[in-house]
Asker: 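The structure is given below, and queries will be raised subsequently.
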Amino acid sequence: MKKFALIFIHAACALVLVIGACSNPVKSKLKGKWRSKDGSTKLYITEKDFTMDDGEAIAEDYFIKGDTIFTSFQGNQPYTSFVVRKLDDHYLKLMGPDSVAVEYSRFGH
């Protein structure tokens with residue numbers, strides 16, 4: 001019985017660690033609708049798609065590694081990278097592939 005209790009406790013702790021490691025708070029804060037400060041670009045981020053609408057909206061796949069968002073059209077390489085400079089619930093500052101920082105504010109709900 002003691003062995004079962006020890007195994008159960010270890011399994012429960014491992015499950016908690018795996019759940020904590022798999023969650024991504026940056027990705028959950030990023031999801032939503034964003035508009036650039038000058039209003040020329042809209043950014044739509046869902047669980048699976050990263051869509052930048054600056055006249056022609058194209059949904060791209062994306063993943064996050066550290067503070068960098070990597071996007072690709074239908075999984076093709078090379079990846080386009082965007083560095084998250086600042087992020088909170090209402091403000092996003094992205095450094096694009098051309099090294100120009102763009103500030104976004106959240107709109108809609």
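The analysis underlying the following values was restricted to heavy atoms, covering all of them including side chains, and did not include hydrogens, waters or symmetry mates. This is a predicted model, so every value here is computed, not measured.
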Asker: Lys93: what forms a salt bridge (charged side-chain N to carboxylate O under 4.0 Å, His left out) with it, not counting sequence neighbours?
Answerer: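 Partners of Lys93 by the salt bridge (charged side-chain N to carboxylate O under 4.0 Å, His left out) criterion come out as none, since no residue qualifies.
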Asker: Flag the pair Phe63 / Tyr79 as yes when at least one side-chain heavy-atom distance between them is below 4.5 Å, and no otherwise.
Answerer: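 The answer is yes; the side chains approach within 4.5 Å.
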Asker: Cut-off 3.5 Å, no hydrogens considered: what does the side-chain donor-acceptor table look like for residues 49-61, sequence neighbours left out?
Answerer:
unit_1: Asp53; atom_1: OD1; unit_2: Gly55; atom_2: N; d: 3.2
unit_1: Glu60; atom_1: OE1; unit_2: Thr71; atom_2: OG1; d: 2.9
unit_1: Asp61; atom_1: OD2; unit_2: Gly75; atom_2: N; d: 3.2

Asker: With sequence neighbours left out, write down each residue that passes side chain to side chain donor-acceptor pair (under 3.5 Å) with Tyr44, or none if nothing qualifies.
Answerer: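 If we apply the side chain to side chain donor-acceptor pair (under 3.5 Å) test to Tyr44, skipping adjacent residues, there are no hits.
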Asker: Taking atom NZ of Lys29 and atom NE2 of His90, what is their separation to the nearest 0.5 Å?
Answerer: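 Those atoms lie 10.0 Å apart.
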Asker: For the ring pair Phe70 and Phe82, is the centre-to-centre distance below 6.0 Å?
Answerer: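 No.
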Asker: Taking transitive links into account, so neighbours of neighbours count too, which hydrophobic residues share a cluster with Tyr91 at under 4.5 Å side-chain distance?
Answerer: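 Tyr91 shares its hydrophobic cluster with no other residue.
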Asker: Can you name the residues that form a side-chain contact (heavy atoms from CB on, under 4.5 Å) with Asp98, not counting sequence neighbours?
Answerer: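 Testing Asp98 for side-chain contact (heavy atoms from CB on, under 4.5 Å), a comparison that skips the adjacent residues, returns Val100.
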Asker: On a heavy-atom basis, which atom in Thr46 and which in Tyr62 lie closest, and how many Å separate them?
Answerer: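 In terms of heavy atoms, the two residues are closest at O-OH, 2.6 Å.
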Asker: Other than Val83, what residues sit in its cluster of Ile, Leu, Val, Met, Phe, Trp and Tyr side chains whose heavy atoms are under 4.5 Å apart, directly or through others?
Answerer: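 Its cluster partners, ordered by chain and number, are Met95.
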Asker: Could you pull out all residues at least two apart from Asp89 that satisfy side chain to side chain donor-acceptor pair (under 3.5 Å)?
Answerer: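 None.
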Asker: With a 4.5 Å cut-off on side-chain heavy atoms, are Leu30 and Ile69 touching?
Answerer: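 Of all side-chain heavy-atom pairs linking Leu30 with Ile69, at least one is under 4.5 Å.
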Asker: So among Leu92, Thr41, Leu94, Leu43, which one has a side chain to side chain contact (heavy atoms under 4.5 Å, CB included) with Ser36?
Answerer: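 Testing Ser36 for a side chain to side chain contact (heavy atoms under 4.5 Å, CB included) against Leu92, Thr41, Leu94, Leu43 leaves exactly one candidate, Thr41.
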Asker: Closest heavy-atom contact between Arg106 and Asp88?
Answerer: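 That closest heavy-atom pairing would be NH2-O, 4.4 Å.
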Asker: Can you list everything that forms a ring pair (Phe, Tyr, Trp, His ring centres under 6.0 Å) with Tyr104? Sequence neighbours excluded, please.
Answerer: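 Residues passing ring pair (Phe, Tyr, Trp, His ring centres under 6.0 Å) with Tyr104: none at all.
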Asker: Which residues pass the side chain to side chain donor-acceptor pair (under 3.5 Å) test with Lys86, not counting sequence neighbours?
Answerer: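 Result, side chain to side chain donor-acceptor pair (under 3.5 Å) vs Lys86: none returned.
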Asker: Go through the steps to decide whether Lys42 and Lys33 satisfy the test side-chain contact (heavy atoms from CB on, under 4.5 Å), and finish with yes or no.
Answerer: CA-CA 7 Å; Lys42 293 179 183 171; Lys33 299 175 183 179; over 6 Å; no
